[in-house]
Amino acid sequence: MESRFLPGRKTGAGQSDGRSPAAFVALVLLLATLFPPPSSAKTGNHGRWRTVATIPLPGTPTRFDYESLDSRSGRLYIAHLGEGRLVVFDTNRRTVLADLPGFPHAHGVLAVPRLHRVYVTVSPLTRTPGRLAVVDTRTLKTQSLVSTGIHPDGLDYDPENRRLFVSDEWGQTVSVIDTRTDRPAGVIPLGGEVGNTRYDPTSKRIFSTVQTKNLLAEIDPGTLRLVRRYSLPGGAHPHGLWIDGPRRLVFIACEQNAVLLVFDLETRKVTGRFPVGRRPDVLAFDPLRRRLFVASESGTVAVFREQGHTLVKEGQSFLGHRAHVILFDPRTRLLYLPLENQDGHPVLKILRYETIENRP
């Protein structure tokens, strides 16, 4: 779907109408003055992608979903949705450590090193309700399965209250799990289909996108109450979510109109709109260079850098078939993209993004 924020439409201005070239140039300059391009057209210095390694992954060329990194051990956990498995990858040795079965229709995955746990949301797409699989990272054994509603998806962890917050997409709620007991601790109705869910350590709040209502929901993780909901004008079906707590900015990827929104938590308003690849999904962030990466189902990854309280678009590139999942490792500054099908096989692409000013 073409974004309605893409600058400019085709008109008849370029057709021959007997006017002189000088008149045509004057007309173009006049139109540019009267109708300047939107903020989303603003770009900075472009960078380049360098492939560091391409690692074969087990299984058949079927869909991947979220991934999560345990920075202490260097283990990357990847949900292989189409295979119903959890892939464990050693980023230090660049080898697959395990390909674990028993995760039907795996979506979200989150490693919590301090608990020696990795959590995986699964939804078998039968009458059986969705579950949260609790995996011990020391043994790689599933310790328990916890009920999480109809169709659990993204999730995040609140270390203050030691609770997990899970998007129940079709159930239109956020499910809460007490990690001390691995038992349900509550359900928070959001009034619409729920996209991704994130914890903001600065405000100590949980935020979720409400896809079918074009809203951003703010939740108090201590009281489990919905604090408020914010309108997201210019967005259609907000799904992907990233929070830069120190800068009080929220980045929201909207699937239906291929737009990235910037939401300012101080003013509580949308302050920027940018075109990205078709059906954007997962976001990743470089906290040192303050750079945002937006992956999409179209395989295009858009790159932005923070400038003040907004973003500047550096460019976008096609990185592979359905390159909709991306993760940034702050320690190595490498990015990880699992691809379901490259030459008939699933692979993990390890890349580095280099800017013009860093080139030799």
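Since we're looking at a predicted model, the values are computed, not measured.
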For A258 and P280, work out which heavy atoms get closest and say how close.
CA-CD, 3.9 Å
Is the CZ atom of R50 crowded by more than 12 outside heavy atoms at less than 6.0 Å?
yes
Specify the closest pair of heavy atoms between L241 and T209, including all atoms of both residues, with the distance to one decimal.
CD1-CG2, 4.1 Å
Could you tell me whether the side chain of R278 and the main chain of S296 form a donor-acceptor pair under 3.5 Å?
no
Can you confirm whether H321 is buried at NE2, in the sense that more than 12 heavy atoms of other residues, nucleotides or ligands lie under 6.0 Å from that atom?
yes
Quick check: are there more than 12 heavy atoms from other residues, nucleotides or ligands sitting under 6.0 Å from CZ of R163?
yes
Does atom NZ (K349) have a neighbourhood of more than 12 heavy atoms from anything else shown, all under 6.0 Å?
yes
May I ask you to say whether D244 pairs ionically with R290, meaning some side-chain N is under 4.0 Å from a carboxylate O?
yes
Angle between ring planes, F285 versus W242, binned at 30° and 60°: parallel, tilted or perpendicular?
tilted
Do F304 and F251 share a hydrophobic cluster, counting only Ile, Leu, Val, Met, Phe, Trp and Tyr and linking them when any side-chain heavy atoms are less than 4.5 Å apart?
yes
If the threshold is 4.0 Å, N to carboxylate O, is there a salt bridge linking D200 and R248?
yes
Just checking H237 against H239, ring centres under 6.0 Å apart?
no
Answer whether the closest heavy-atom distance between the side chains of E306 and R247 falls below 4.5 Å.
yes
Any side-chain heavy atom of L265 sitting closer than 4.5 Å to one from T202?
no
salt_bridge(D136, R138) N-O dist < 4.0 Å:
yes
Quick one, L57 and V347 - any side-chain contact, counting heavy atoms below 4.5 Å?
no
Contact check, side chains of R183 and D178, non-hydrogen atoms, under 4.5 Å
no
Spell out, as yes or no, whether a donor-acceptor pair under 3.5 Å connects the side chain of N257 to the backbone of G234.
yes
Any chance you could lay out the side-chain hydrogen bond (donor to acceptor under 3.5 Å, both in side chains) test for D65 and H107, step after step, and finish with the verdict?
CA-CA 5 Å; D65 217 336; H107 285 285; 2.8 Å; yes
Going by heavy atoms in the side chains, are T54 and Q342 under 4.5 Å from each other?
yes
Among the clusters formed by ILVMFWY side chains lying less than 4.5 Å apart, do V52 and L327 turn up in the same one?
yes
Measure the acute angle between the ring planes of W170 and H151, then classify it against the limits of 30° and 60° as parallel, tilted or perpendicular.
parallel
Min side-chain heavy-atom separation T197-L155 under 4.5 Å
no
Is the W49-Y353 ring centre distance short of 6.0 angstrom?
yes
Could you tell me whether Y199 and Y157 have their ring centroids closer than 6.0 angstrom?
no
If you take all heavy atoms of T137 and V118, which pair is closest and at what distance?
CG2-N, 3.7 Å
Side chains of R228 and Y230, donor plus acceptor under 3.5 Å
yes
With side-chain contact (heavy atoms from CB on, under 4.5 Å) as the test, pick out the partner of R63 among H105, H324, E83.
H324
Minimum-distance pair of heavy atoms, taken over all atoms of G149 and S175
N-OG, 4.2 Å
Hey, could you give me the CD1/CG distance between I177 and D182, rounded to the nearest 0.5 Å?
8.5 Å
Has T271 got a side-chain atom pairing as donor or acceptor with F263's backbone, closer than 3.5 angstrom?
no
With a 4.5 Å limit on heavy-atom distance, are the side chains of F328 and R291 in contact?
no
Under 4.5 Å between side-chain heavy atoms, counting indirect links through other Ile/Leu/Val/Met/Phe/Trp/Tyr residues: same cluster for I219 and F207 or not?
no
Indicate yes or no: does R333 engage D286 in a salt bridge with an N to O separation below 4.0 Å.
yes
Whether the side chain of H80 engages the backbone of T62 through a donor-acceptor N/O pair (distance < 3.5 Å, no angle test) should be reported.
yes
If you measure from the Lys or Arg side-chain nitrogens to the Asp or Glu carboxylate oxygens, is any gap between D220 and R205 under 4.0 Å?
yes
S167 side chain to E169 backbone, donor-acceptor under 3.5 Å:
no
Would you say that V174 contacts D168 through its side chain, given a criterion of any heavy-atom pair below 4.5 Å between the two side chains?
no
Closest non-hydrogen atoms of S68 and V109, given as atom of the first, atom of the second and distance, are CB-O, 3.4 Å
Donor-acceptor contact below 3.5 Å, side chain R229 vs main chain L216
no
If you group Ile, Leu, Val, Met, Phe, Trp and Tyr by side-chain heavy-atom gaps below 4.5 Å, do L215 and V270 land in one group?
no
Below 4.0 angstrom, N of the basic side chain to O of the carboxylate: do E218 and R225 qualify?
no
Side-chain donor or acceptor of S208 paired with backbone N/O of A217 under 3.5 Å
no
Straight-line distance of L334 CG to L351 CG, nearest 0.5 Å:
8.5 Å
Distance col, row F64:CZ vs L81:CG, nearest 0.5 angstrom, shows 10.0 Å
Where V210 and P238 come nearest, the two heavy atoms and their spacing
O-CG, 3.9 Å
Please answer: with hydrophobic residues joined when any side-chain heavy atoms are less than 4.5 Å apart, are V194 and L224 in the same cluster?
yes
